[in-house]
Structure formats: C-alpha cells, structure tokens
Amino acid sequence: MSTAETPSSSNFIRTIITDDLESGKRDRVITRFPPEPNGYLHIGHAKSICLNFGLADEYKGRCNLRFDDTNPTKEEDEYVEAIKEDVAWLGFDWGEHLYFASDYFAQLYLWAVQLIKAGKAYVESQTAEQVRENRGTLTHPGVDSPYRDRSVEENLELFEQMKNGDFPDGTHILRAKIDMSSPNMNLRDPALYRILHAHHHRTGDTWCIYPMYDFAHGQEDSIEGVTHSICTLEFEDHRPLYEWFLNELEIFAPQQIEFARLNLSYTVMSKRKLLQLVNEKHVNGWDDPRMPTVSGMRRRGYPAAAIRTFCERIGVGRAASWIDLSVLEDCVREQLNESAFRRQAVLNPLKVTITNVPADRVEELVAPNHPQQPELGNRTLPFSNELYIERDDFMEDPPKKFFRLGPGREVRLRNAYIIKCDEVLKDDNGEVIELRCSADLDTLGKNPADGHKVKGIIHWVSARHAQKVAVRVYDRLFNRENPDKAENYLQALNPESLQETEALVEPSLLQAKPGETFQFERVGYFTADSKDSQAGKPVFNRTVTLRDTWAKMKA
RNA sequence: UGGGGCGUGGCCAAGCGGUAAGGCACCGGAUUUUGAUUCCGGCAUUCCCAGGUUCGAUCCCUGGCGCCCCAACCA
C-alpha cells in the first residue's frame, strides 16, 4: 500500500471508520478486495481497489487480496494471475495477505454442520424449479419445503453423503432455515451448498459440494478479521443474511458497508458483456485498448496514477451516478502532460517544399523533450527543404479565426523557422498536393527582425528523414452514452472505434520502448503498444487526444 | 397494501439545525514557438415537490413525486 493520493474530501465510509475508531468499536482497520476470478478487472473494480487499499493505507491498517473462488465452473487460474498483475500495477501491495475462499472450504463445511446440528439448516431435495416456485414472489410469501423438518440426524447424514459424492448435481442442496415469508427474498431459506462435480482450479476434485456466496463471504471476512467489508449496493439486501450467519455461528462480526458502483458513459461494465465482446471478437481480447478493463487501459497507455486520481476524484456515495468518460480522459491528460516526452508526428501528410533551402542541406535542430521541464533534455530534429505537415493545418480559403497556413499566410514551424505559403500546387482533380513556401531563416529561436507577430504554430517532419510507423487511432467503443439503453448493447458499438493508419514521425521515435508514452505535439498522447511493437518498429496506440478548443470553436 | 436504498448547479460530491466546500465541465482574461500546459476571475438567495416543527431547516417530522436494487442450486 504505497501510493494513495491525499483525500480531497470526506465520504460516508471514512466517517464510519473514524467513528468506529474513536468509539473504540474497532481498534484497527482491515479491509479486503474480494474478486471472483472469472474475468478481468475493469475500471469499476479499480474504484473498489482504490477504496479498500486506500482506506487501509490511510488508517494504517491493511487490505487483503482475496479470491472469492466458490464457483469452480466459472473460475480459472488465468484470471487470478491477471487480477494480481492488475492490482499490483495499480500501485497496491497486499504483502503476505493473499487469500482464497477455497482455503476455507473445510472450515465452511464444519460451520454448515454446526448449523445443521443447531437445527438452522436442512437438506432440500426438491428440484431447482420446485424450490423456485415455492420461494414465492416479491409480493407473495413462499411456502415451506416438505423437507424443512427433516431430523438433524437425517440432515447430517444426507449432507455427509452430498459431500462424499453420493448424489448427482442438482439433486440436493443445503438450505438455511430462516423464514419463507420474509419480505427480503434473501431470507427465504437461502441455499448454502450445492452439489457440483466440477474441477476446482485450486482444490481439484477434493470437493463436490461448494458453498454459495452468502454462506461464504461473511465467514471469509470473519476469518480474516476484516473490520469493514466494503461492497456494492446490490448486496445491501444480503446484509441481514450476512449478519445472520455471523450471529448464529457466534464468530467475529465484520461490518458490511455498501457503496454505489461506478457507471461510465459510453461503456459497459458487466463481466458477462465484456466476456461476450471478447468471445465474439468485437474487440481483440480482454486487454484491447478500447476495453474498460485495467489491462486494456494499461495497454492503451493510461498511467496507473491517472486511474487512482480518477477514483479519488469521482468520490464514493450511495447515489447511483454516471461519470462521463471525459473525466477519466482528463485524469489521463493531467498525468501524461507531466511525464510524456514531446515529439513531432504527422498523421495525415501534406507535402511542403521550402524553396529557399538548398536540396542538399540538412540541419540538425535541437528541440526540448518537455517545454516546461528543460531538465528532461533535448533531442535533435532533422530539417530539410522537403517537409510534411498536417493536412488540417492548411486551408485554401480559411475563416478569420484560422491562424494556420493558407495562401500567402505565415506560420511558425514548431522548433524551427517561420515560413510563408507562396504557392499551392494541385492535381488534376483540384486536390491540393503540395505547398511551396519560403522560410525566414533568421527566425530560429527568435521572432522576425521587423517585430511582426506570427500566431500560428504547426508541427512537421522532414520528408527525407521521416519514419513511417503504424498507428491505431482509438475512439470510444460505444456510440451511446448508455449502451444498455439500446435494444441490444451490441447495436451501440461504434464501428469506428479503431482506425488503423500510419504516421510519419521524427526519427527518434523509432527507439520508443513498448509501453512508453509520448505526446505527439498538437495531436495527442501515443503509447507504443506493449504486444505488437518490435525493436526499432514501434506500433503506436493513441492514448488520448489533447484538449482541442479549436475543434470546439469549429463545431 | 412486498422489502431495501437514493434524490445538493451540466457531471460527481462535501455538508449532519446557524444561514450552500471542492473537483470536472462551462464562460471571460493573462502568459505561451503545442489553439496544449500554466495562471487569474466568473459560475446554486438555493439543496426533488408540498406542508409542518423551530428565532432559524439541505439537514428534524408528515405526505407526495421520481429513480435504483432484490424472486441463480452466480458473485
């Protein structure tokens, strides 16, 4: 637990914890992040991770990483490894406190037996359908199972047989004996154990009965001495059950606290949907840079610190909230602006010939890696008579506020000279194919001698020296703010979320290392892809654009 | 006539009976060899609505309205 940012404001959870500490209800703070290893972590998990580890850090306590692996049919080792990597990458350290629900299976079994002996649990032998029918509905109470009054002895024997593998899947379950007419559906004799002849990623074939979430989670927390068990709002109705088990078992009672889960505009967050996007190849894997997964964002080039800032910035509450994607992007820019080296790259080239520079002359210009941080050094930028500039930086008939290049106009070449557009060359279709410009060679590092101002500054690369690299321009994965409001969320997919193109970049960029992020000046931040880049042949992912008030003015 | 939650500016969010923090967005203006960054300044007489209690209510009470969650042998 190392990198928690300073809290910007209070929230209800901090208030609860502070009160608990002051009143003496608790003498320390232990939290946990309890993912089920059935998929990759997404930005919603990041919120929970920052919260749990952040709180532990603030209160000098600790946060456990615990895998809630109680359903062997959905869980895999691949996922536990990916989750560990993601949590660590986010900047959090669970130290020795790595746990698995499956480590507690034996203890959980003993507790189930204890409940049976106390007459608080029984073996149900109806079918799943019958159980469902007898549970009643939201407005009508359920009815007691015909097996509800089996003797303790019979229950004990049956449960043991369940454990021994004497029954096929689905034939029996162990249920808590609570109240079939409770207005809280979770209390209508919830299932504690089901029979599953499935191979578990850690316990193998040792067990063929597995505990349900409700029977496992609170006890797991209790075993670990968790003081504050923080989860999302949909578990609110489970809290009475969570407490019921701890109370019946008479074991250490953590406090469950619920908060509102994160909703991000233009994205979906459910694991089921993310899995579908991956399986049906709408994206290229869990770590596709368009995915809201931690691994996707990492590959996209989002710094871990930006995600932490984001989680702190959005706050924690109990009101359902929708955060705009732009908030996340802004955190990314804030972080990258500080650290990313500046480079020049042209994505959509237009040729420019400097008529008053000899064709055989090459100048090695010096340009800073970061204009606000000279200590970060410089790189050299070759300049010659043939350049490429961005097509968008020229307009034949520009509006008044346009201060880039146009016929007869002047502009500053970033880190180089001021040039003037003398001539516009077109092809047979009337398409502009080249600009012929003259440079004021006395403007390197200074303004024109006559003192006149040149407002526009554009980036460029030397045609002869420019290197061609692959670039992936990413946009939001979905077109709709809330993809779930579409008839089918897949219909809200943005067909242009990925555009593969090429860029002409300054030579120094060929040395970019996988995962390294640069600001292509005036364009955006780009990160060398960690999978597809090769030595001397980087592939760049557009991480995020720069803020663009000109684009806004045009719109 | 099921239960549990939530409702503060465009988006988040503090506040917990004493007269609306902060961030993001937005709008001005300054600096700038990135229309970026940075920097200044502006931005809720009002807290879902209506009553009530109180000297005083976003905070307490009553009644509405709106939204979210719950009927897996998932977590």
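Everything numeric in this text was worked out from a predicted model, so none of it was measured. In what follows, chains carry the letters A, B, and so on, assigned in the order in which the sequence lines appear, proteins first and then strands, with residues in each chain numbered from 1.
Using modelled atom types and a 3.5 Å distance limit, the side chains of A:Tyr417 and A:Asp442 yield no donor-acceptor pair. Residues A:Asn134 and A:Arg188 have side chains that never bring a donor and an acceptor to within less than 3.5 angstrom of each other.
A ring pair (Phe, Tyr, Trp, His ring centres under 6.0 Å) with A:Tyr210 is found for one member of A:Phe105, A:Tyr193, A:Tyr109 and no other, namely A:Phe105.
Judged by distance alone, with hydrogens and angles left aside, A:Arg404 brings a side-chain donor or acceptor within reach of the base of B:G35, the pair sitting under 3.5 Å. Scanning atom types as modelled, no donor and acceptor separated by under 3.5 angstrom connect the side chain of A:Gln372 and the base of B:U38. Judged by distance alone, with hydrogens and angles left aside, A:Asp237 brings a side-chain donor or acceptor within reach of the base of B:G3, the pair sitting under 3.5 Å. Taking 3.5 Å as the limit, the base of B:A36 and the side chain of A:His459 contain no donor-acceptor pair of atoms between them.
Summarising the geometry, the separation between CZ on A:Phe235 and C1' on B:A75 is reported as 5 Å, rounded to the nearest angstrom. In this structure, A:Arg261 places its CZ atom 18 Å from P of B:C6, rounding to the nearest Å. The separation between A:Ile323 atom CD1 and B:A25 atom P is 13 Å, rounded to whole Å. A:Leu233 has its CG atom 11 Å from the P atom of B:G7, to the nearest Å.
Evaluation of A:Trp550 against the base of B:G35 yields a stacking contact (centre distance < 5.5 Å, interplanar angle < 30°).
Between A:Lys74 and A:Thr15, it is A:Thr15 whose nearest contact on RNA chain B lies nearer the 5' terminus.
The phosphate of B:A75 (OP1 or OP2) has a side-chain N or O of A:Arg194 nearer than 4.0 angstrom.
Nucleic acid contact for A:Ser265: none, since no nucleic acid atom lies under 4.0 Å from a heavy atom of the residue.
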